[in-house]
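The chains referred to below are lettered A, B, ... by the order of the sequence lines, with proteins before strands, and numbering in each begins at 1.
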Number of protein chains: 2
Amino acid sequence: MMNSTHAHGHGPDLAALAGLLADSTRASFCLALLDGRAWTATELARHAGVAASTATGHLNLLVTGGLLAQERQGRHRYVRLADSDTAALIENLASRAPRRAAPTGSLPAVSRSRALARARTCYDHLAGALGVAITRAMTDRGLLDWERGLTITGDGTAWLAELGITLTPTNRRPPVRSCLDWTERRPHLAGTVGAALCLHAFDAGWITRIGTTRAVAITDTGQRALREHLGLTEDSKHMDSFPQPQCTSS
Amino acid sequence: MMNSTHAHGHGPDLAALAGLLADSTRASFCLALLDGRAWTATELARHAGVAASTATGHLNLLVTGGLLAQERQGRHRYVRLADSDTAALIENLASRAPRRAAPTGSLPAVSRSRALARARTCYDHLAGALGVAITRAMTDRGLLDWERGLTITGDGTAWLAELGITLTPTNRRPPVRSCLDWTERRPHLAGTVGAALCLHAFDAGWITRIGTTRAVAITDTGQRALREHLGLTEDSKHMDSFPQPQCTSS
DNA sequence: AGGACTCTTCGGCACGCGCCGAAGGGACGC
DNA sequence: GCGTCCCTTCGGCGCGTGCCGAAGAGTCCT
């Protein structure tokens with residue numbers, strides 16, 4: 001038999017951390033913050049459908065728990081995910097969480113969620129069908145290599161340079177990272193390369209935000225650029241084959 | 001303002017998944033199961049210090065939630081983590097969870113936890129100071145490459161072959177994966193390579209389990225093998241430098 | 001057959017915690 | 001100055017849920 005540490009022993013307090021995300025309101029906050037921006041307390045409260053006072057309590061928990069970073073400006077309390085690691089953790093969790101039954105969504109709600117599934121930001125990189133298609137195209141063209149762990153190839157860095165993207169190597173965050181897409185159930189590209197690519201797509205006018213949501217629309221310039229640089233056509237974004245249905249976590 | 005999905009909209013039910021781990025008893029179960037073995041219900045109950053009936057309820061939740069797989073044999077209910085992805089998820093969570101204050105641990109308890117910190121298994125690979133030291137040594141010798149995501153080099157695969165380890169490529173699980181060690185706070189090697197290496201260490205008698213815990217002891221053969229194959233000496237296991245204090249998540 | 005053991009179901013208890021509304025403090029703008 | 005807006009604290013309500021012990025079903029051993 002085992003040493004009976006009686007559950008209250010030494011190790012990491014997993015329950016405390018998980019408990020932060022175990023409430024539907026707090027989870028809703030975190031998922032909303034996955035867009036990478038800073039939200040005010042009332043925005044989050046309204047988004048989750050709770051009173052402002054309730055939101056305050058939840059935000060206190062999340063901030064002291066280290067999941068969120070806050071910044072006070074005048075009468076506003078801005079809050080965002082603590083760092084990209086935290087974002088990755090939440091993505092990771094979300095991707096393996098069960099789907100919530102959509103409550104007979106209204107017509108505009110359906111159209112919104114379809115836009116979201118087509119192309120969206122995921123913290124600081126691209127996700128949805130677009131994100132997955134880009135990742136697949138980059139793999140097909142030998143810019144990414146999945147053989148022995150996900151890496152960017154020499155061709156890949158050259159390709160980035162062609163686009164005018166230069167990477168400043170950080171030793172804190174990996175250059176490329178696989179992130180399981182929760183609508184596509186396939187991996188898309190994250191890490192500093194994924195972030196830089198997303199930033200470039202905004203700067204070069206390939207994509208624009210739809211309203212103030214996480215969803216993005218592909219512009220005409222974007223269509224041309226994707227075809228030119230990656231050979232991506234409209235229908236190639238819905239192919240089902242992917243070389244490596246890679247590990248969800250990493 | 002945002003589209004008010006009122007928290008109960010469409011996306012993944014993050015709270016439900018997190019809720020499974022948000023209870024200290026269930027968390028204790030999962031952490032215990034990180035040793036990669038199958039435990040019986042009463043073993044887990046005793047480990048966590050709860051009644052058998054309570055354990056039954058928790059196990060039902062974890063199994064139907066998909067985190068645990070069960071197998072019934074006679075009057076026993078064996079239960080283990082669902083797969084290596086689940087193990088990776090829990091590791092990941094545990095590594096960023098706050099530490100629980102050790103309640104004035106007894107003398108044997110302290111010695112146990114020191115053994116655990118020195119060398120232990122983490123699901124199916126090696127962790128603790130030993131796991132981290134092996135990972136560092138492999139990096140120093142050019143067997144692993146962290147430059148553009150963690151990969152195993154050509155030299156690395158050759159080195160494995162020398163040890164008599166051949167990898168059967170699975171497309172489900174990445175060959176190498178970084179796993180943040182929760183005692184060392186540094187990455188150690190996971191993935192199929194990490195698992196194969198750990199298995200080899202047991203088979204070749206480099207290490208043996210200490211009792212029935214997750215802790216392992218390094219044998220004399222093990223000491224020699226580590227020096228021969230990796231240049232690892234006793235004190236080189238406590239150096240503080242590591243090339244890439246890599247991303248916690250992946 | 002009988003006894004020991006593992007696991008499960010059930011009823012009941014009690015604590016925790018998420019929720020709100022009302023009231024108050026601080027920042028901004030007119 | 002005053003009103004408005006954003007956030008916070010506080011008290012109180014009610015549901016959810018983790019816990020146990022007792023009893024029962026199924027398995028194994030002698």
Side-chain angles (χ1 to χ4, degrees), chain A residues 1-2 4 6-8 13-33 37-65 67-80, chain B residues 1-2 4 6-8 13-33 37-65 67-80:
Chain A
M1 183 53 53
M2 208 40 44
S4 61
H6 273 224
H8 315 298
D13 196 351
L14 184 54
L17 177 58
L20 288 178
L21 298 171
D23 173 77
S24 64
T25 300
R26 286 193 295 270
S28 165
F29 286 3
C30 291
L31 291 174
L33 290 167
R37 293 176 300 175
W39 293 47
T40 68
T42 39
E43 277 171 346
L44 286 172
R46 168 146 359 184
H47 174 76
V50 296
S53 59
T54 306
T56 293
H58 287 306
L59 290 179
N60 288 341
L61 288 176
L62 290 169
V63 168
T64 63
L67 290 182
L68 263 47
Q70 66 178 345
E71 203 169 333
R72 315 194 92 111
Q73 262 179 42
R75 49 186 167 181
H76 295 280
R77 177 191 204 175
Y78 284 102
V79 77
R80 56 184 165 74
Chain B
M1 186 54 48
M2 209 41 41
S4 63
H6 274 224
H8 315 297
D13 196 350
L14 185 53
L17 176 58
L20 288 177
L21 299 171
D23 174 77
S24 64
T25 300
R26 287 193 295 270
S28 165
F29 286 4
C30 291
L31 290 174
L33 290 167
R37 294 176 300 176
W39 292 46
T40 68
T42 38
E43 277 171 345
L44 286 172
R46 166 142 4 181
H47 174 76
V50 296
S53 58
T54 306
T56 294
H58 286 306
L59 290 179
N60 288 341
L61 287 177
L62 289 169
V63 168
T64 62
L67 290 181
L68 264 46
Q70 66 178 346
E71 205 169 330
R72 315 193 92 111
Q73 262 179 40
R75 49 184 166 179
H76 295 281
R77 178 191 204 174
Y78 285 101
V79 77
R80 54 184 168 74

Separation of D:dC19 C1' from B:Leu61 CG (nearest whole Å): 14 Å
Please write out each protein N/O paired with an N/O of nucleotides 7-10 of chain C under 3.5 Å, distance rounded to 0.1 Å.
residue: C:dC7; atom: OP1; partner: B:Ala41; partner atom: N; Å: 3.3
residue: C:dC7; atom: OP1; partner: B:Arg77; partner atom: N; Å: 3.3
residue: C:dC7; atom: OP2; partner: B:Thr42; partner atom: N; Å: 3.0
residue: C:dC7; atom: OP2; partner: B:Thr42; partner atom: OG1; Å: 2.5
residue: C:dC7; atom: O3'; partner: B:Arg72; partner atom: NH2; Å: 3.3
residue: C:dT8; atom: OP1; partner: B:Arg72; partner atom: NH2; Å: 2.1
residue: C:dT8; atom: OP1; partner: B:Arg77; partner atom: NH1; Å: 3.3
residue: C:dT8; atom: OP2; partner: B:Thr56; partner atom: OG1; Å: 2.9
residue: C:dT8; atom: OP2; partner: B:Arg77; partner atom: NH1; Å: 3.1

Audit row: A:His58, A:Phe29, side-chain contact (heavy atoms from CB on, under 4.5 Å) steps and yes/no: CA-CA 9 Å; A:His58 287 306; A:Phe29 286 3; 3.9 Å; yes
Donor-acceptor contact present, side-chain B:Arg26 to main-chain B:Leu59, <3.5 Å: no
d(CD, A:Glu71; C1', D:dC6) in whole Å: 16 Å
Side chain B:Thr54, main chain B:Val50, donor-acceptor under 3.5 Å: no
Interatomic distance, A:Leu20 CG vs C:dG18 C1' [rounded to whole Å]: 14 Å
B:Arg80 (side chain) donor-acceptor with B:Arg37 (main chain) under 3.5 angstrom: no
Interatomic distance where CZ belongs to B:Arg46 and P belongs to D:dC20 [whole Å]: 14 Å
N/O donor-acceptor pair under 3.5 Å between A:Thr64 side chain and A:Asn60 backbone: yes
For B:Leu33 against B:Val79, the heavy-atom pair lying closest together: CD2-O, 3.4 Å
Length of the line joining B:Arg26:CZ and D:dG16:C1', which is rounded to integer Å: 12 Å
Between D:dG16 (P) and A:Asp23 (CG): distance, integer Å: 14 Å
